[in-house]
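Right, one structure below, let's go through it.
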There are 2 protein chains.
Amino acid sequence: MAAEHSLTVKGAGGYGLTDQLSSRVPSIMKASPSRSVSGPAPDNREAIMLAAERVFARSGYDGSSMRDIAKEANVSQALLHYHFGTKEKLFDEIFSFRATEINRERGRHLDRLFADGAIPDLPQLIDALFRPTVELGHDPDRFGNFFSRILAASANSDDPHTKDLIAEHYDSTALRFISAFEKVLPGISREDAVWAYMFSIGVGMTMMARTGRTARLSNGICDDSDVELLLRKINLFVCGGLLKMAPAAKS
Amino acid sequence: MAAEHSLTVKGAGGYGLTDQLSSRVPSIMKASPSRSVSGPAPDNREAIMLAAERVFARSGYDGSSMRDIAKEANVSQALLHYHFGTKEKLFDEIFSFRATEINRERGRHLDRLFADGAIPDLPQLIDALFRPTVELGHDPDRFGNFFSRILAASANSDDPHTKDLIAEHYDSTALRFISAFEKVLPGISREDAVWAYMFSIGVGMTMMARTGRTARLSNGICDDSDVELLLRKINLFVCGGLLKMAPAAKS
DNA sequence: GTGCATTGACTAATCGATCAGTCAGGATAT
DNA sequence: ATATCCTGACTGATCGATTAGTCAATGCAC
């Protein structure tokens with residue numbers, strides 16, 4: 001029974017060990033068929049991120065516990081702290097990874113559409129707005145699009161840190177799309193372009209948070225699991241809204 | 001007036017004491033000038049609901065603690081359990097009260113618009129869709145529209161109980177609006193009417209979760225605190241989307 | 001044997017919920 | 001009238017469970 005007071009640390013802020021680890025870029029973060037024969041390395045870090053993504057999508061940030069995530073990933077809870085330090089850093093890393101991936105792809109679409117001074121038509125632009133979020137977040141093996149739910153919850157959050165995450169990862173691409181609206185819709189004011197962008201994102205959120213309400217309200221007629229159909233319907237609606245906000249718009 | 005217990009609907013549940021209390025309809029739940037002379041009763045029950053509404057709107061359900069709410073309401077934590085039993089019942093009662101109030105008003109608007117077999121024009125119908133949520137949830141004294149944030153979070157939630165709340169309080173009115181879309185937009189399919197309704201709600205969510213992003217993206221040009229302006233912009237966009245989904249639509 | 005990955009055991013803090021009990025005030029009995 | 005009882009409103013203290021986070025010790029590859 002020696003002095004136990006040596007355990008009373010609590011004050012130290014930094015996680016020197018995990019700080020350098022957190023800069024490691026997760027290789028794929030998607031379940032790949034090659035995993036089963038890829039070798040002895042279990043790569044628990046990636047497994048934790050995938051498990052956490054599922055749990056966060058299901059229960060939200062505050063509703064998810066590190067124990068739940070550890071159990072989902074089949075590792076000990078301490079390992080989560082070893083790899084990510086804190087719950088918040090774990091969430092941030094998932095968010096940053098997915099958001100960077102998605103917005104890189106959205107930027108590529110914009111580059112392609114406006115290459116050589118071309119002016120794309122509106123449906124193409126709207127497709128670039130939504131498709132990467134749907135396709136990159138979609139896990140072909142499993143059922144749901146987990147990050148979309150996280151994104152939808154984050155977009156509506158009032159928490160300052162969550163707002164910062166959105167601003168950091170999504171604002172620059174958002175401004176590119178707003179400018180694109182001004183080019184594709186001649187005569188629209190900057191103000192209305194911003195409104196239209198926010199409204200369009202709102203429409204997309206309906207799709208991202210798959211709650212099953214569409215099927216319920218339609219007695220099963222509407223199938224929101226058919227991604228291509230969904231993108232087509234959304235495109236139609238959003239194009240209609242955008243054209244209506246532009247003063248000189250063709251029907 | 002003998003048996004008032006006929007109001008005790010909630011049959012299930014184990015809080016015999018609070019069950020009959022929970023049927024008490026909160027008189028106003030909004031700060032009213034008549035409160036100052038209404039009597040000596042401080043009506044802490046109402047104060048708790050108002051405080052909880054603010055805390056839930058700020059931090060979400062899981063992010064809010066009964067201690068936070070008690071402190072916000074300036075009462076003891078035990079009083080929350082005395083009046084509402086559990087945290088979940090407290091949330092449900094707030095949600096039910098506001099949702100009932102809002103959808104009663106939305107129904108009244110629909111009754112008026114379709115009275116005597118009349119067919120309203122689309123902007124009027126869209127106004128009925130959103131205005132009650134904005135106006136009834138809006139506390140003129142204070143700053144924010146707290147219930148709108150709760151509603152936006154609930155609409156995107158994956159939690160079964162939260163989904164049930166939405167379905168219970170919002171589905172019947174939603175079906176009325178979907179049928180109204182079919183009447184106002186001749187030729188639109190039932191399927192597209194459902195899609196259009198969900199998309200319109202998505203647009204409205206942008207307004208309800210006031211995150212300040214619109215102002216940030218527009219360098220302050222867009223002011224989302226001007227409710228009338230916001231309703232006008234939303235109306236324009238949503239009408240455009242709806243007309244585009246109807247086969248025989250006038251521009 | 002050196003360094004990274006991993007774990008079980010642990011801590012302090014916080015959670016929702018419960019408890020016994022205080023207090024004011026109205027009804028009842030004498 | 002006044003002593004007694006009852007009830008609704010309310011609180012401080014505390015419960016067991018759960019939380020995020022810590023740490024010494026172990027496994028293991030090279």
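Chain letters run A, B, ... following the sequence lines, proteins first and then strands; every chain starts at 1.
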Find the distance [X]:[atom1] to [N]:[atom2] and express it as a whole number of Å.
| X | N | atom1 | atom2 | result |
| --- | --- | --- | --- | --- |
| B:Leu80 | C:dT18 | CG | C1' | 14 Å |
| B:Gln77 | C:dC19 | CD | P | 15 Å |
| A:Asp62 | C:dT14 | CG | P | 15 Å |
| B:Phe84 | D:dA9 | CZ | P | 12 Å |
| B:Glu46 | D:dA9 | CD | C1' | 16 Å |
| A:Asp92 | D:dA20 | CG | C1' | 15 Å |
| A:Ile48 | C:dA5 | CD1 | C1' | 10 Å |
| A:Leu79 | C:dA9 | CG | P | 17 Å |

Side-chain N or O of [X] closer than 4.0 Å to phosphate OP1/OP2 of [N]:
| X | N | result |
| --- | --- | --- |
| A:Asn44 | C:dA5 | no |
| B:His83 | D:dC10 | yes |
| B:Tyr82 | D:dA9 | yes |

Mind checking whether A:Arg58 and A:Glu72 have side chains closer than 4.5 Å, heavy atoms only? yes
Selected nucleotide, minimal atom distance to A:Lys87 side chain, candidates D:dT11, C:dG8, D:dA20: D:dA20
Minimum-distance nucleotide (side-chain atoms of B:His81 versus D:dA20, C:dT18, D:dC23): C:dT18
Under the criterion side chain to side chain donor-acceptor pair (under 3.5 Å), I'd like the reasoning laid out for A:His83 against A:Asn44: C-alpha separation, chi angles, the key distance, then a yes or no. CA-CA 9 Å; A:His83 280 298; A:Asn44 277 329; over 6 Å; no
To the nearest 10 degrees, what angle separates the axes at the start and end of the helix from C:dG1-D:dC30 to C:dT30-D:dA1, five pairs each? 20°
Of the non-hydrogen atoms in [X] and [Y], which two are nearest, and what is the gap between them?
| X | Y | result |
| --- | --- | --- |
| B:Thr206 | A:Met198 | CG2-O, 3.4 Å |
| B:Asp62 | A:Ser59 | OD2-O, 4.0 Å |
| A:Gly63 | A:Asp68 | O-OD2, 4.4 Å |

Both A:Glu88 and B:Ser76 contact DNA chain D. Which one's nearest nucleotide lies toward the 5' end? B:Ser76
For A:Phe147 together with A:Phe56, are the ring centres under 6.0 Å from each other? no
Mark yes or no for whether A:Arg106, through its side chain, and A:Leu129, through its backbone, hold a donor-acceptor pair below 3.5 Å. yes
Hey, does the side chain of A:Lys87 reach the backbone of A:Ser64 with a donor-acceptor pair shorter than 3.5 angstrom? yes
So, with a heavy-atom separation below 4.0 Å from DNA chain D, the residues of residues 63-72 of chain B are B:Arg67
Side chain to side chain donor-acceptor pair (under 3.5 Å) involving A:Thr162 - partner list, sequence neighbours excluded: A:Asp159
